[in-house]
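A short worksheet on the structure shown next.
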Amino acid sequence: MSQSKHPQNVSKDNAVKDPDSTSAVRIQSIDTDNLDPAHKDNETSGNNLPKKILEEGHIRSNDLLENLPVYLVLLTPDYHMTFANRFFRERFGESNGRRCFEYLFDRNEPCEACETYKVLKTMKMHRREWHGPDGNWYDIYDIPFTETDGSVLIMEVGVEITKRKKAEIERDRYRKYLEDMVKARTEELEKKNIQLVMDFHALEEAEESMYNLSLFPRENPYPVFRVSNDGIILHANPAAAELMTQWQCSVGGPIATQIKEAIDVTVASGVSNNIEIRCGEHDFLLHLVPILDRGYVNFYGHDVTELKKAQSALEKSEAHFKLLSETAERLIMWSNFQPVVNELCRETMAHLGCNVFFNYITDDKTGRLHLNAFAGISDEDAEKIEWLDYGEAVCGYAALDGKPIIAENIFNTPDIRTELVKSYGIQAYACHPLTVQGKVIGTLSFGTRTRTEFSKEDLILMRRVAAQVAGAMERARLINEIQRSKEKLEKRIQERTGNLEEALKKLDLRNKELQEFAFIASHDLREPIRKIQTFGAIIQDRFGKDLPEQAVDYFKRMQNAVDRMDKLLESLLGYSRVSTRGNPFIRADLNELTRETINDFTIIDKKEATIELGDLPAAEVDPPQFRQLIGNLIHNALKFNRSSAPKVIIRGEIEGDLCRIFVEDNGIGFDEQYLDSIFMPLQRLHGRNEYEGSGMGLAICAKVAERHGGNITARSKPGEGSTFIVTLPLRH
């Protein structure tokens, strides 16, 4: 029941659907207060046994639907709920007869676009998700079906999926976080690239400035020297002394071999050249400028140590970002996250220059930490530390406190927590707890045997990798939990569906048995009635003159009551024969069948009525039953008519695979609040003294329409006549 508009096409049949009822099926009891004593006796006799059996089967099927762990409702095309199980009522309350848009969304008219009622057009099951007014999410199955009485209903089953939706929302939030992080890192890289270009431009400008200065200013803080084309050092400023010492050469002597090779290339090309030199803790960029006409090459040095550090940090940051972004996508896309986690940890370990990593996960059953993945130690050593207690070693303390532990210069910093990793030769060790919504679900740690400390960038990378691993583990847990819940729910639904189908089969069998019983009972009851009629007539003929006037009146009343009973039983037999004694459907001209029916009516001439017959289509029908349906409607139109010129109009129309037959009259009409009641057996809107009849005519019409796979309804207002509408399929 999404918040949307419902279709306006309303179908009615002879089975009453009470909008205030929470049951999809109920047994219509006969009002014994308005029956004759003889009929009332039959109602209270042992002949009600099949009815009792039917009621008990109905109760069992209702209990099954009532206790489903999902919500289940049955909806009529006019927006009422004929059934809502306990799960639904506990979530949304009682409808109290209100229509679905009034009840759930507090609206005065149907919703604009309704997902639920689309199935009445397609007549196919529709699956969707719905965010209910109770704040929960549901996986909805809308299933259209036709009741055994021909009415069209929608069965809606709602499975709560709030946890799954929250997991999906969390996944999308995490994906957005990664995208934002990618964007931020990209902007950072772009800024650093711009700065790098600016630094190179500054370097070029500095080199140009040095070239325009004096050849060998002693104040120059950077190395400047001159070397002949054959490799002899001609001049050098004081700042070049450290380089000269490193090369083990001096002014007047030959330059180092690797520098001589660069001079040869520069002289041969006649173009300036650059080489990088490491000297102590500094990096220098030497700019070689050939002076060909004088036979030497000038060297201009520039300290690029800070620039090299920035470039190295940028490259390392790019590598960090690439590692995180690639593994984040794999962790999100892959359902089997464990191999990806192992690969991510190994790649991170290699990227950081570490030698070991350990991944522990919490075990709720044992209350300990279990080694999930590792690298850098033997399997034998790993077996010894497969289980850790909270508060044991670095990982146990990190899990206990929920805070990262960074242990550096371990050999020179005594700490009982680091004794275990120290035994593996580890000098620096960082352990981060894996947390999800404040709960520790494990730890991830990295250690190195070659360094005594970690850089700030290294620790940031470890923290981000730990966050990724925690997210992947929680996502895998949620997926597994959802899958298990889905499998259990599907199994339970299959079991309950099988039970429901079996119950419906039994209910259908009981209905058939009840119909057969009604036919047999009505037939057998006519025999004693005929005897009462016969002997009553004999007594009146032979002894009528000798009887007191009061006795004669009693005999007349008795005869009238017996006649009514005979007509009632005849109507009941006709009602039961609709389902049990029907003929095969054949294609027939409905115009011809209707004309034959009109010709059989003497009441038409008696009331001086006018019958107008429009064009009716051909359709597959049971001809005798169709004539009975039309005849009952014509008889009904003329009987409830006080006009001096009764008029009945019969016309038809085709819509798709259906045909509709309209029977209009100018009779007394009725209040449409009684629309459902008039098609029920033995239901009368007027007293017997006003209008004769058994109250079965319209019930038989509804039964015939139902057997043909159609339905019947009506439109009317008191004093303005009525229009009865019969909808039948053109073919079966």
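Basis for what follows: all heavy atoms, side chains included, without hydrogens, waters or symmetry-related copies.
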- Tell me whether the centres of the aromatic rings in Phe101 and Phe105 are closer together than 6.0 Å. no
- NZ/NE/NH1/NH2 to OD/OE distance under 4.0 Å, Arg368 and Glu386: no
- Message: If I compare all heavy atoms of Ala702 with all of Ile712, which pair ends up nearest, and what's the gap?
- Response: CA-CG2, 3.7 Å
- Message: Less than 4.0 angstrom from a charged side-chain N to a carboxylate O is my criterion; do Glu168 and Lys163 meet it?
- Response: no
- Value rounded to 0.5 Å, distance of CD1 in Ile493 from NZ in Lys488: 14.5 Å
- Within-4.5 Å side-chain heavy-atom neighbours: Leu153 and Phe83: no
- Query: Taking Arg98 for the side chain and Ser95 for the main chain, is one N or O donor matched with an acceptor at less than 3.5 Å?
  - Reply: yes
Ignoring hydrogens and angles, write down the donor-acceptor pairs under 3.5 Å from the side chains of residues 722-732, residues two or more places apart or on other chains.
{"residue": "Ser722", "atom": "OG", "partner": "Ser716", "partner atom": "OG", "Å": "2.8"}
{"residue": "His732", "atom": "NE2", "partner": "Glu620", "partner atom": "O", "Å": "3.2"}

- Is there a side-chain contact between Arg99 and Glu109 (heavy atoms, below 4.5 Å)? no
- Item | Check: His80 side chain, Thr76 main-chain N or O, donor-acceptor pair, under 3.5 Å | no
- Tell me whether the centres of the aromatic rings in Tyr360 and His370 are closer together than 6.0 Å. no
- Message: Is it the case that over 12 heavy atoms from other parts of the model lie below 6.0 angstrom from the CD atom of Glu655?
- Response: no
- Task: Compare all side-chain heavy atoms of Leu500 with those of Leu65 and state whether any distance is below 4.5 angstrom.
- Result: yes
- Query: How long is the span from the CG atom in Asn85 to the OH atom in Tyr71, to the nearest 0.5 Å?
  - Reply: 10.0 Å
- For Phe626 and Ile661, which heavy atoms make the closest approach, and how far apart are they? CE1-CD1, 3.6 Å
- Query: Sequence neighbours excluded, which residues qualify as side chain to side chain donor-acceptor pair (under 3.5 Å) partners of Glu170?
  - Reply: Arg173
- Nearest heavy-atom neighbours spanning Tyr117 and Pro77: CE2-CA, 3.9 Å
- Backbone N/O of Asn96 and side chain of Tyr103: donor-acceptor pair under 3.5 Å: no
- Task: Rounded to the nearest 0.5 Å, what's the gap from CG on Asn711 to SG on Cys701? Could you check?
- Result: 13.0 Å
- Message: Would you say that more than 12 heavy atoms from the other residues, nucleotides or ligands in this model lie under 6.0 Å from the CG of Asp657, or not?
- Response: no
- Item | Closest non-hydrogen atom pair, Leu434 against Ala466 | CD2-O, 3.2 Å
- Output yes when a side-chain donor or acceptor of Asn136 lies under 3.5 Å from a complementary backbone atom of Gly132, and no otherwise. no
- Item | CD1 on Ile154 to CE on Met123, rounded to 0.5 Å | 8.5 Å
- Query: Backbone N or O of Val159 within a donor-acceptor pair of the Asp139 side chain at under 3.5 Å?
  - Reply: no
- Query: Quick one: are Leu72 and Phe87 in side-chain contact, heavy atoms under 4.5 Å?
  - Reply: no
- Quick one: do Asp142 and Arg128 make a salt bridge, cutoff under 4.0 Å? yes
- Query: Any chance CZ of Arg715 has more than 12 other-residue heavy atoms, nucleotides or ligands included, within less than 6.0 Å?
  - Reply: no
- Query: Do we get Arg91 above Tyr138's six-membered ring, with its NZ or CZ under 6.0 Å from the centre and within 45° of the axis?
  - Reply: no
- Message: Closer than 3.5 angstrom, by distance alone: can the side chain of Asp149 be matched with the main-chain N or O of Glu706 as a donor-acceptor pair?
- Response: no
- Query: Thinking salt bridges, do Arg496 and Glu501 make one under a 4.0 Å N-O criterion?
  - Reply: no
- Minimum-distance pair of heavy atoms, taken over all atoms of Gly442 and Thr362: N-CG2, 3.8 Å
- Task: Kindly say whether Trp137 contributes a backbone atom to a donor-acceptor pair with the side chain of Thr162 at under 3.5 angstrom?
- Result: yes
- Query: So, Asp671 and Gln673: side-chain donor and acceptor under 3.5 Å apart, yes or no?
  - Reply: yes
- Message: With a sphere of 6.0 Å drawn around CG of Asp172, does it hold more than 12 non-hydrogen atoms of other residues, nucleotides or ligands?
- Response: yes
- Message: I'd like to know if Glu179 pairs up with Lys183 as an ion pair, taking the criterion as any Lys NZ or Arg NE/NH1/NH2 lying under 4.0 Å from an Asp or Glu carboxylate oxygen.
- Response: no
- Note on the structure: From the list Gln483, Lys491, Arg484, side chain to side chain donor-acceptor pair (under 3.5 Å) partner of Glu487 resolves to Gln483
- Item | Atom pair SG/CD of Cys659 and Glu653 - distance to nearest 0.5 Å | 9.5 Å
- Run the salt-bridge test on Glu129 and Lys165 with the 4.0 Å N-O cut-off and return the result as yes or no. yes
- Item | Distance, nearest 0.5 Å, that separates OG1 of Thr443 from CD1 of Ile361 | 10.0 Å
